[in-house]
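What follows is a single structure, written as structure tokens, with notes after it.
Order of the sequence lines sets the chain letters (A, B, ...), proteins ahead of strands, with each chain counted from 1.
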Amino acid sequence: MIKMRRLLYHQAINEALHQLIERDPRVFLIGQGVTSPWYVGRTTVGLIHRFGPKRIIDTPVSENSITGIAIGAALAGMRPILVHPRMDFMYYAMDQLANHAATWRYMFGNQFSIPLTIWGIVNRGGGQAAQHSQSLQAIFMHIPGFKIVMPSTPYDAKGLLVSAVEDNNPVLYIDDRWLYNCEGEVPEDLYKVPIGKGIVRREGKDVTLAATSYMVVEALKAAKVLEGEGIDIEVIDIRSLKPLDKEILINSVKKTGRFIIVDGGWRTCGVSAEILSIITTEAYDYLKAPALRLALPDVPAPASPALEKVYYLNSEKIIVKVRELMSDKN
Amino acid sequence: MIKMRRLLYHQAINEALHQLIERDPRVFLIGQGVTSPWYVGRTTVGLIHRFGPKRIIDTPVSENSITGIAIGAALAGMRPILVHPRMDFMYYAMDQLANHAATWRYMFGNQFSIPLTIWGIVNRGGGQAAQHSQSLQAIFMHIPGFKIVMPSTPYDAKGLLVSAVEDNNPVLYIDDRWLYNCEGEVPEDLYKVPIGKGIVRREGKDVTLAATSYMVVEALKAAKVLEGEGIDIEVIDIRSLKPLDKEILINSVKKTGRFIIVDGGWRTCGVSAEILSIITTEAYDYLKAPALRLALPDVPAPASPALEKVYYLNSEKIIVKVRELMSDKN
Amino acid sequence: MKISSINISSEILHKMYVTMLRIRLFEEKVADILSNSKEIICPCHLYIGQEAVATGVCMALNKDDYVFSTHRSHGHYLAKGGDMKRLMAELYGKETGCSKGKGGSMHVAFKDVGFMGSSAIVAGTIPLAVGAAFAFSIQGSKRVSVAFFGDGATHEGTFYESLNFASLKKLPVIFVCENNQYSTHMPISASLADVRIYKKAGIFKMPGIRVDGNDVIKVFEVTRKAVEEARKGNGPTLIECLTYRWRGHVGPSYDLDKGLRSKEELDYWMRRCPIKRLERLMFKLGCLTKDQKDQIYENVKKEVEEAVIFAKESPYPKEDELYKDLLND
Amino acid sequence: MKISSINISSEILHKMYVTMLRIRLFEEKVADILSNSKEIICPCHLYIGQEAVATGVCMALNKDDYVFSTHRSHGHYLAKGGDMKRLMAELYGKETGCSKGKGGSMHVAFKDVGFMGSSAIVAGTIPLAVGAAFAFSIQGSKRVSVAFFGDGATHEGTFYESLNFASLKKLPVIFVCENNQYSTHMPISASLADVRIYKKAGIFKMPGIRVDGNDVIKVFEVTRKAVEEARKGNGPTLIECLTYRWRGHVGPSYDLDKGLRSKEELDYWMRRCPIKRLERLMFKLGCLTKDQKDQIYENVKKEVEEAVIFAKESPYPKEDELYKDLLND
Ligand SMILES: Cc1ncc(C[n+]2csc(CCOP(=O)(O)OP(=O)(O)O)c2C)c(N)n1
Ligand SMILES: Cc1ncc(C[n+]2csc(CCOP(=O)(O)OP(=O)(O)O)c2C)c(N)n1
Ligand SMILES: [Mg+2]
Ligand SMILES: [Mg+2]
């Protein structure tokens, strides 16, 4: 029997970390702030006290080398969880990520595995501005060699972290701190949510809203409002960017004929462009209207609260986009 | 009267560098290999002898800091040309590029200009494999704050370099060494090719082939072959990725109703996904068949010549794609 | 404190005193606002306790010399001559802010006085300062460029790369490391195999000096010397200023409750207040009277209050500002 | 050469001799093929002249110790025990290559002997080696990890970051810098403000040693000591091996024509051939005879010829190999 409790998203991560590190001596956590009371939300609470500094490694501010060190440890039989407390800092680590983690298996003809979880946190809003707010999933989706997941519920936060750590490849696990206080059912034991599978969060027949990460929450809010207007929205949580569950998207479009992708990263060459391209080539015949995308405008994050309001996506902006789509002549 | 000569692509770059550095004391060239006889093709020949080590600066292998140094010099009134002799090495410099060059004007409310040309060379084939072959335009197109050009002819190679250096923003100038021996008419004097404008390289009425950089050459070859099959191809050289000349693309689709984008970067979240998304949303009503994309498969570059053949795009693969499109039931 | 060694005019001492006080009272006010209201939303890294560094260094510079700063930016901004009102307005996210509300506390600049911006990326501005110095050297100008950064920035590879290039090319740049002994929650010894930061200059054939960062006069003198050498074409210097931040890493709290550091340690450093220290000296030297001091306090308090009013009364940026200033001509 | 100081069995001397010769003759053959045919297409960075470094270092290691390498990989690969046939096949881009033809000369690995791969990114493998050592330390194993890298890698920040972390955590890693005095076309003095690379260890509280990199015995002894310390838990060592590559940066040419270096310099270093040097010593010590030498040459030549035949006769990878091996279980 599965014991369920209601947990917050950050508690689900914390519990997964405790259990994963407890269960497998090869698993360790490394990165900036993992022993700090506030740095990575409250996701790492209790770890240092329980497992000590050999397995919970707080680090100097040396993102590139710390990333390389985690890769090297993975090559030597460990299963590290490497945290970058803000995706913005991962630019420093791009060489190790893109030229090394992503290539090491391929380049040497499958001699090596890199069972490495790269935990990248999206931490924005609150006036943090251009260098502390980025959501860079598209860049890593572009570069071959990673799996990528973006859980949107506490259940998936735990289950996908377990899958990431058990995977024998570099898996980028991206969470958005705007999800940290979302509550949901979470089994107590360890369990896996499969990488590569999307999930229908709400069934509907008029429009498919596919969303990533925190945008799923906003899409569901929008769907509720639009229900009142007689528009029946299907919400799909993409969950896994790579491999991508194309089937679930295409099947939904077969039903609804209308499609909007909502992603919290930048627009140009973004995740939204990729998914739009897939739909418009592979589900072309089922579309009743042009598929649309909603993403961050192509500017850096501003600091002022007045501008943040314009910058970030929310359910209202999704509603506007859906109405635009529905009013299309088609 | 404009004096024209036939020059090779790399000679056009070399000439532009000579003239730009000669003309403006604020312009200097910095990067790895700029004094080397072979490192950056023959594009820098003669510069060090003519201008000396104060203006032609060969550097230590410190990509991130050298990039920051070029940015800092731009802030202090210079107009540096910063070369990365392979785009693969730019991963090391991502922090300075994305968090600094791209943000410095915006973050401080337009107090600063960064008149910086970032010259990124695509240098692949010949068994150079995963870490020496990357064509990373999509990543920089995703990140707000750059202009991006990819000249495909000697004429544009010179004219766009001049525009890049005269621009008051970070401009990424990407050339592909497979173009270096292409020949074409080049004016002797300095002239500008505007950033933000595509160009029709061949008019046609059946299919629009939009292409970037070296892919333009292959697209033109394909068009010639397809002419023999009675398929009339319009070839558009995108030239400027950011700002992108959407109009020229949409106008062409209005005429042909069929569209293929060919880009030499990776497929997923690539330039091809972005341009496909634009066409399928903004030219949706003019499409007679699904717009398609052709790009590198989502794997790192292999070393073996047998695999390189499968990996890289060429006119034959374009022809196959066009035939596929034409045979579409629509 | 050896008074005999003081070779500085009382005018300069006054300037230092006022500058430090302007930083201190500005920051105390910001701490106040952060604690008691939601008027300032962006993360603020307070400089209280470190005032002698920014002040001593900037006093040794000309207006057209360049300064590059970090997430802990307010002190550097004010010491270099940035406008206080526009700084406060920036923290409030207003359109009158020095960065038009786009940057917030971590991203302030004031180009007119050579304050060339602050990066929230650890070590991010170090190569920028080297680049500006490189420009000065190409231009044949006598200006110098300063990079302020924390001890944490010496964990980053770009610090070493930058030192190497600057020394290789003998550039007029001063590397000012404010060693406040913590990088966020981490004490320096948990991050650096060797905590003597000034020694890291040696492997690049560059002078490295450690100075008491709470002694504004020492900081000034060491910087003045480094600037002199730089202007002469003798290349860069690394100056490590030992100091301490009174508040926690970010925001107004003291980081004591969370067990990150001890009350004793904080008390020790508060007793070594850089402002009180200069004040005592000035009293001793007879170049500051009780009345003057009160007057200065009065003036600075008023300036800070006016800055708050200015910030509060300024409008927020308009919506379409979001799309402006990315790429311009 | 002080023979009296030699405290090494003749068996080891023989092994060293054979290893160096295998590298040399393999490389001469590759140079030959590169000069005279298009059979090998991928860029090859030849190791000729530096054989004593890979040999001396790897001789001090166990099979299950790890080695990480660079673009100039062949010598390290062979010295650590990688299969010669499969190396040659890799250069030919064949499916029997050690990397299945996917890596080419710059990306060779042989996991079974602890040769963990080579990166064509300057300094790229330095943190990887630290990471493996970190794993060993967590695992409580006695294994050590070695990073080979060139002088050029000391321009990159990750070199400093890696040294800091390794020393901070006292990890069992040996940093072997092969200072061949050039980074592509650039002499070391044009890139480093201070060319004494071994000194860079000091600022991380780590021993740094410079050794004659053309003296295989010295390299071996210094490494043996460093390995011993690492296994005891006493942390890392930086070993700078002064050496020289006979060929140009890449390919078979000598880089003389282009004015990148002088014939005198090359001649000087060719006179200091590490193989001849060991040979002389072994003759002197009486542990090598002319006949033995001829036999060894014969054997190694044959091995190299067989490797070429193996490579030539092997098939190219099939088309669908392109899509395999990216992400596997
Ligand atoms: C690249 C990067 N990594 C991590 C952080 C998070 N961070 C913000 S400040 C800081 C520590 C800085 O310490 P130090 O440089 O000593 O400056 P101080 O805060 O003590 O003034 C860190 C790690 C960051 N801003 N940038
Ligand atoms: C990040 C990066 N930048 C630049 C290059 C180009 N490059 C290849 S080898 C090399 C020089 C390496 O010099 P060194 O490390 O001394 O090794 P050596 O070739 O002398 O053995 C450079 C700059 C590269 N491969 N990677
Ligand atoms: Mg600090
Ligand atoms: Mg070298």
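Remark: A:Y92 OH to B:Q96 CD distance equals 6.5 Å, nearest 0.5 Å. Residue A:L276 holds its CG atom at 4.5 Å from OG1 of B:T280, rounded to the nearest 0.5 Å. Summarising the geometry, atom SG belonging to B:C269 is positioned 7.5 Å from atom CD1 belonging to A:I275; distances are rounded to the nearest 0.5 Å. Interatomic distance, A:Y91 OH to B:N64 CG, rounded to the nearest 0.5 Å: 13.0 Å. Atoms CD and OG1, from B:Q131 and A:T103 in turn, are 5.0 Å apart once rounded to the nearest 0.5 Å.
With a 4.5 Å cut-off on side-chain heavy atoms, A:M90 and B:M94 do not count as touching.
Taking non-hydrogen atoms and a 4.5 Å limit, the residue list of residues 242-251 of chain A in contact with chain B is empty.
For B:M141, the parts lying under 4.5 angstrom from a heavy atom of chain A are both the backbone and the side chain. Residue B:I143 touches chain A through both its backbone and its side chain, counting heavy-atom pairs closer than 4.5 Å. For B:N99, the parts lying under 4.5 angstrom from a heavy atom of chain A are both the backbone and the side chain. Proximity to chain B is absent for every atom of A:E63, based on heavy atoms less than 4.5 angstrom apart. Contact of B:A138 with chain A is made through backbone and side chain together, with heavy-atom distances under 4.5 Å. Proximity to chain A (any heavy atom under 4.5 Å) is shown, for B:L287, by both the backbone and the side chain.
Residue A:K197 places its NZ atom among 12 or fewer non-hydrogen atoms of other residues, nucleotides or ligands, all under 6.0 Å distant.
Nearest approach of A:Y106 to B:P302, heavy atoms of both residues: OH-CB, 4.0 Å.
Scanning for ring pair (Phe, Tyr, Trp, His ring centres under 6.0 Å) contacts around A:Y312 gives A:W178, with sequence neighbours left out. With sequence neighbours excluded, the residues forming a salt bridge (Lys or Arg N to Asp or Glu O under 4.0 Å) with B:R124 are B:D176, listed by chain and number.
When each of B:A98, B:A301, B:S272 is scored by its heavy-atom pairs under 4.5 Å with chain A, the top score falls to B:A98. In terms of heavy-atom pairs under 4.5 Å with chain B, the best-connected choice from A:A102, A:A273, A:A303 is A:A273.
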Pairs under 3.5 angstrom only: tabulate donor-acceptor contacts from the side chains of residues 292-300 of chain A to other protein residues two or more places apart or in another chain.
residue: A:R293; atom: NH1; partner: A:R267; partner atom: O; Å: 3.4
residue: A:R293; atom: NH1; partner: B:E274; partner atom: OE1; Å: 2.8
residue: A:R293; atom: NH2; partner: B:E274; partner atom: OE2; Å: 2.9
residue: A:D298; atom: OD1; partner: A:R267; partner atom: N; Å: 3.4
residue: A:D298; atom: OD1; partner: A:T268; partner atom: N; Å: 3.3
residue: A:D298; atom: OD2; partner: A:T268; partner atom: OG1; Å: 2.4

